[in-house]
Amino acid sequence: MPPSLGEAKKRLPQSSPYTSRIIKAGALIGDTKTLLSHWDVDASVHENIRRVQRENIFGKASRSRVEDILAIFRRRYLTEKSVTKALVTLVRQKLPSPALERLFYFHSSRADRLLYDTVTEILAPLKAKGLIDINVRHLQRSLTRWVDEGKTTGHWSEPTITRIAQGFSPLFGTSVFFRGT
C-alpha cells in the first residue's frame with residue numbers, strides 16, 4: 001500500500017521551490033503504461049533506462065524528449081523498487097485505467113512539490129466545498145501568488161503560468177473538470 005499524502009509530504013523537501021518542469025511532463029499516461037509494461041523487474045533502473053533508450057519503446061523522434069520523459073519517470077515511479085514492481089504488476093495485469101491513473105497521479109504528486117501543493121492547497125479545499133468544476137483562471141491566480149511569494153525557481157511569465165495551469169487538467173483526469181480561461 002502506498003504511503004499517505006501526509007507521508008508523501010515528508011519526502012518532499014520543505015524548502016524546495018516550485019519548478020516549471022510540469023510543462024514537460026503532463027500526465028504521460030500512455031508513456032507510463034508503455035514504460036511499465038516493458039520494465040524488467042530483475043534489472044536495475046539504470047539497465048532498464050539504457051534499454052528503453054536503445055529500443056526507443058516510446059517511438060519518439062527526439063532523443064532529448066525521451067531523456068526528459070525518463071527523468072520525470074525516474075522521479076515519479078522508479079525511486080522505490082517495491083513501488084516500481086507493484087506498478088509493473090498492475091499494468092501487466094491490466095488494472096482498469098481509472099485506477100491506474102489515480103495511482104500514477106498519487107506518485108506524481110509525491111515527486112513534485114508544485115503538483116502536491118496544488119492538490120492539497122487549492123483542489124482539495126475546493127472539493128471539500130463540493131466544487132469540482134475549476135476555472136483555469138483560479139489556478140493561474142494561485143500560481144501567480146506563489147510566484148510573487150518567491151516559491152518558484154525564478155520569475156514565471158504570464159504565458160508560463162498559463163501553460164502550467166492548463167497542463168494540470170490532464171493530470172487530474174476526470175476527478176476535476178477544468179474550464180478554459
Side-chain angles (χ1 to χ4, degrees), residues 1-3 5 7-13 15-119 143 152-154 156-157 159-175 178:
M1 179 112 172
L5 278 178
E7 291 168 343
K9 190 168 188 173
K10 293 176 190 173
R11 271 183 36 144
L12 294 165
S15 62
S16 66
Y18 302 141
T19 70
S20 60
R21 70 176 164 233
I22 200 80
I23 290 173
K24 288 185 176 184
L28 298 171
I29 299 298
D31 288 337
T32 302
K33 289 178 183 178
T34 298
L35 174 73
L36 295 171
S37 67
H38 286 84
W39 197 259
D40 179 352
V41 294
D42 295 321
S44 71
V45 170
H46 179 72
E47 292 167 331
N48 272 293
I49 297 281
R50 286 183 41 177
R51 182 180 49 76
V52 164
Q53 288 172 319
R54 186 176 60 251
E55 295 175 5
N56 191 19
I57 65 169
F58 302 119
K60 306 289 185 203
S62 165
R63 183 171 284 243
S64 66
R65 178 65 179 145
V66 171
E67 288 174 11
D68 288 343
I69 291 170
L70 290 171
I72 291 158
F73 287 163
R74 184 183 295 265
R75 280 189 298 279
R76 288 180 180 179
Y77 314 114
L78 309 176
T79 59
E80 299 171 66
K81 189 172 185 161
S82 62
V83 169
T84 305
K85 187 175 181 179
L87 291 172
V88 165
T89 300
L90 294 171
V91 167
R92 289 183 181 161
Q93 294 296 318
K94 300 197 183 326
L95 185 70
S97 286
L100 271 176
E101 290 172 17
R102 283 184 173 87
L103 287 169
F104 296 160
Y105 171 61
F106 173 82
H107 288 286
S108 297
S109 296
R110 289 177 64 206
D112 188 287
R113 167 70 63 196
L114 176 61
L115 182 55
Y116 179 89
D117 286 353
T118 299
V119 171
L143 292 171
T152 57
T153 53
W156 292 350
S157 67
T160 298
I161 291 169
T162 299
R163 285 183 61 207
I164 291 170
Q166 291 170 338
F168 282 132
S169 178
L171 283 167
F172 299 124
T174 58
S175 62
F178 284 83

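Because only heavy atoms are used, hydrogens play no part in the values below, and waters and symmetry mates are left out as well, while side chains stay in.
- Annotation: side chain of Ser20 is not in contact with side chain of Thr153 (no heavy-atom distance under 4.5 Å).
- Atom CZ in Arg63 sits 7.0 Å away from atom CD in Glu67 (nearest 0.5 Å).
- Using a 4.5 Å cut-off on side-chain heavy atoms (C-beta onward), Tyr18 and Leu143 make no contact.
- Remark: Arg92 CZ is packed, more than 12 non-hydrogen atoms of other residues, nucleotides or ligands lying under 6.0 Å away.
- Between the side chains of Ser157 and Thr160, at least one donor N or O lies within less than 3.5 Å of an accepting N or O.
- Contact annotation: the side chain of Ser109 approaches that of Leu115 to within less than 4.5 Å [non-hydrogen atoms, C-beta and beyond].
- For the pair Tyr116 and Ser108, the minimum side-chain heavy-atom distance is 4.5 Å or more.
- Taking CG from Asp40 and CZ from Arg51, the interatomic distance works out to 6.0 Å, rounded to the nearest 0.5 Å.
- Atoms CG and CG, on Leu87 and Leu100 in that order, are 8.0 Å from each other to the nearest 0.5 Å.
- For the pair Arg113/Thr19, no side-chain contact is recorded, criterion being any heavy-atom separation below 4.5 Å from C-beta on.
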Full working for side-chain contact (heavy atoms from CB on, under 4.5 Å) between Ile49 and Val45 = CA-CA 6 Å; Ile49 297 281; Val45 170; 3.9 Å; yes

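- Here Thr32 contributes atom OG1 and His107 contributes atom NE2; the two are 11.5 Å apart, rounded to the nearest 0.5 Å.
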Where do Val52 and Thr34 land on the side-chain contact (heavy atoms from CB on, under 4.5 Å) test, with the steps shown first?
-> CA-CA 10 Å; Val52 164; Thr34 298; over 6 Å; no

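- At a threshold of 4.5 Å between non-hydrogen side-chain atoms, the residues Trp39 and Thr84 count as touching.
- Residue Thr79 holds its OG1 atom at 10.0 Å from CZ of Arg74, rounded to the nearest 0.5 Å.
- A distance of 11.5 Å separates OH in Tyr105 from CD1 in Ile29, rounded to the nearest 0.5 Å.
- Applying the side-chain hydrogen bond (donor to acceptor under 3.5 Å, both in side chains) criterion to Ser44, with sequence neighbours excluded, gives Glu47.
- No side-chain heavy atom of Leu35 sits under 4.5 Å from any side-chain heavy atom of Ile69.
- Scanning for side-chain hydrogen bond (donor to acceptor under 3.5 Å, both in side chains) contacts around Ser97 gives Lys33, with sequence neighbours left out.
- Side-chain contact between Phe104 and Leu36: present, with at least one pair of heavy atoms (C-beta onward) separated by less than 4.5 Å.
- With a 6.0 Å radius and a threshold of 12 heavy atoms from other residues, nucleotides or ligands, Glu55 has its CD atom above the threshold.
- Every residue two or more places apart in sequence or in another chain that forms a side chain to side chain contact (heavy atoms under 4.5 Å, CB included) with Arg163 is listed here: Ile23.
- His38 and Asn48 get closest at one heavy-atom pair: O-OD1, 4.4 Å.
- Taking each heavy atom of Asp31 and Phe58 in turn, the nearest pair found is O-CE2, 3.2 Å.
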Going through the distances and angles, do Arg76 and Asp112 end up as a side-chain contact (heavy atoms from CB on, under 4.5 Å)?
-> CA-CA 8 Å; Arg76 288 180 180 179; Asp112 188 287; over 6 Å; no

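- Residue-environment remark: NZ (Lys60) exceeds the threshold of 12 foreign heavy atoms within 6.0 Å.
- Using a 4.0 Å cut-off between charged nitrogen and carboxylate oxygen, Arg110 and Glu80 count as a salt-bridge pair.
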